[in-house]
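Here's the structure we're looking at; comments come further down.
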Protein chains: 2
Amino acid sequence: MAAGVSVATASKALNDTGRMAPETRERVKRAAIELGFRPNAMARGLLSKRSFTIGLLTNDTYGRFTLPLMAGISEALVDHGVSVFLCTIEDDPALAKIHVDAMLDKQVDGIIASGKRIDRRLPVDLGHLAVPVVYAFTDGPDDSVRFVSDDAQGSREAVQWMVGLGRQSIVHVTGPTTFASVKVRADAYSEIIGAGAEILHGKWSEAWGHEAVAQLWGGDRPRPDGIFCGNDQIARGVVDALRERGVGVPGDVSVVGFDNWEIVAAATRPPLTSVDMNLKTLGKEAGLTVLAMAEGKSVEPGIRKLPCQLVVRQTCGGVEAG
Amino acid sequence: MAAGVSVATASKALNDTGRMAPETRERVKRAAIELGFRPNAMARGLLSKRSFTIGLLTNDTYGRFTLPLMAGISEALVDHGVSVFLCTIEDDPALAKIHVDAMLDKQVDGIIASGKRIDRRLPVDLGHLAVPVVYAFTDGPDDSVRFVSDDAQGSREAVQWMVGLGRQSIVHVTGPTTFASVKVRADAYSEIIGAGAEILHGKWSEAWGHEAVAQLWGGDRPRPDGIFCGNDQIARGVVDALRERGVGVPGDVSVVGFDNWEIVAAATRPPLTSVDMNLKTLGKEAGLTVLAMAEGKSVEPGIRKLPCQLVVRQTCGGVEAG
DNA sequence: GTGAAAGCGCTAACAC
DNA sequence: GTGTTAGCGCTTTCAC
């Protein structure tokens, strides 16, 4: 080769393995840099059985949950030389199988399955693959490793924050009862509020936020002074509806959302205080975990709940109180 | 092997190459399926110099533009057995280089560079790589293949639609002058409107939409009956502001947005008519093009403009007129 | 028609 | 210390 050594020596030099004159090692390394030499990962992988590649499978088309997750995964794994295949399957089992097979053919070191809700599974069985699988923000088999956000804790933070601000009558406006996260969040809310708890279920939309306000302010009933919303879209609808009725936010009523979806939360007037699920961190954890499993480390199966975080903007007032 | 043939024969049988008894071929294929045999893509790639893998590089963190693009790319390439590495670089040259090197090591068949505006380049030089590169929704070298949406045509469709509905006085509320697409869209608007053209520049935000309406309705000036907005966020701000002033949309004023960002357009009251850039189609084209280049087909360099499409919802009225 | 042999780019074991 | 050899899983001549 260019440095006047054999391929084997070059390999050892560049990988810092084997014994050889430090001088030789240096010379080879310099030559490699000079030539812009980069080892062929396929050839290397053929031997090592490692591709330094993982697959991220998702059915979240809009990327609402997948993108932050992906950012975390990528950030955690790029240092390890691992690249990520992103595969979006639209709840289509056939498409899912094609993508999984393609990943497997390409010898991915592991797969992260993710979705848009934690109580549904992807339409494909990843139970008995030859590579490790981790579930992030989606359901998986009992003996699997699953990462989810701690919605109960996040809800408690939100409700307690309003209570701490002196709010006396807080209602919960949330999504359809069919979502597990709706129940978890609602239960956490009820636990804190106790007897006066009131939960309104509807769609995950701004329109439902408007309608809920119409219900709450429409009749001859006592008005709440705090509204904890099941997601940011509902919260935005609520805030808009309150403003249209001349109700002050945060003056008369505090509002908190859930998801901390920047595009919605920041555009709300005033900007929305919301619970962030820390999906990026969740992605990091999931990434490091598949990697560990791929390296043969054993990982305890079960559900890992990662804490949420209240992001305080202006719909609650009392920023100073924090 | 299991079917009682050599590896060589098996290879030929499964790839439909070489000559052999049809009966043998069948037998091998059946055995392969039975054993769940899947060829190792790394070994195969080592020989063929093809990895059936491409890289998608982007600096669009929120995925606003990248996700639809990605969907198109993936959809077009999955049939060809190609998987996609998604690499998000945050305008960070060092990170970009790491990702590009990782892709190259993994022998990607090609790279698609994408971004969030067509007049900026990614912070990395992809000019002289060993693999084909195409640019989608981002700028690239003169001798490169670049896919962009035809913003001028999209703008014309929008403005002509309002004109066709009988609107007499249409203004254009758009983003910062520093964006090339702002100029393109504005020029297309001016060309149609002629003498009465009026362009208001501001931020890409709902807040700017509000402020623009305040300017237009604030003074003692004649009111427009049509507003063509530079993006959907501005449009939403405009529609909200008009409603708050008691101006009817689409009764008194027609509004059209740009981007057709579902989450914004659909939540607007009433739902927003908007120009869709067909990013998914753009992704498909870009995907098929890198693939063709990877297969050695020569592709004419230059800019390919793909048509936009007006998505009619309810902020213009005249649905029947279409 | 089928199989044996060579080789893709690399690393690991073993000579020298 | 360094080079030679073998082999990862596959495809591709080329004998038979």
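Residue numbers begin at 1 in each chain, while the letters A, B, ... track the order of the sequences. Only this structure's heavy atoms are used, side chains among them; waters, hydrogens and symmetry mates stay out.
Of the charged side-chain nitrogens involved, at least one lies within less than 4.0 Å of a carboxylate oxygen, so that A:R38 and B:D105 count as a salt-bridged pair.
Each of A:D91, A:T138, A:D92 was checked for a side chain to side chain donor-acceptor pair (under 3.5 Å) with A:N59, and the lone residue meeting it is A:D91.
Using cut-offs of 30° and 60° on the angle between ring planes, the pair A:F137 and A:F65 is parallel.
Under 4.0 angstrom from either OP1 or OP2 of D:dT2 there lies at least one side-chain N or O belonging to A:T24. Distances shown here put a side-chain N or O of A:T9 below 4.0 Å from the OP1 or OP2 atom of D:dG3.
To the nearest angstrom, P of C:dG9 lies 15 Å from CG of B:D105. The CG-P distance, from B:L46 to C:dC8, rounds to 9 Å in whole Å. One can place CE of A:M42 at 15 Å from P of C:dT11, the figure rounded to the nearest angstrom. The separation between B:R50 atom CZ and C:dC8 atom P is 20 Å, rounded to whole Å. For A:K49 and D:dG7, the NZ to P distance is 14 Å, given to the nearest whole Å.
Where B:R19 and B:R44 meet DNA chain D, the nucleotide closest to each residue was compared, and B:R44 sits on the side nearer the 5' end. For the pair A:A8 and B:N40, nearest-nucleotide mapping onto DNA chain D gives the more 5' position to A:A8.
With hydrogens and angles disregarded, no donor-acceptor distance shorter than 3.5 Å links the side chain of B:N15 to the backbone of B:T17.
Across all strands shown, A:T17 has no heavy atoms under 4.0 Å from either base or sugar-phosphate atoms.
Evaluation of atom-type donor-acceptor distances gives no pair under 3.5 Å for the side chain of B:K12 against the base of C:dG1.
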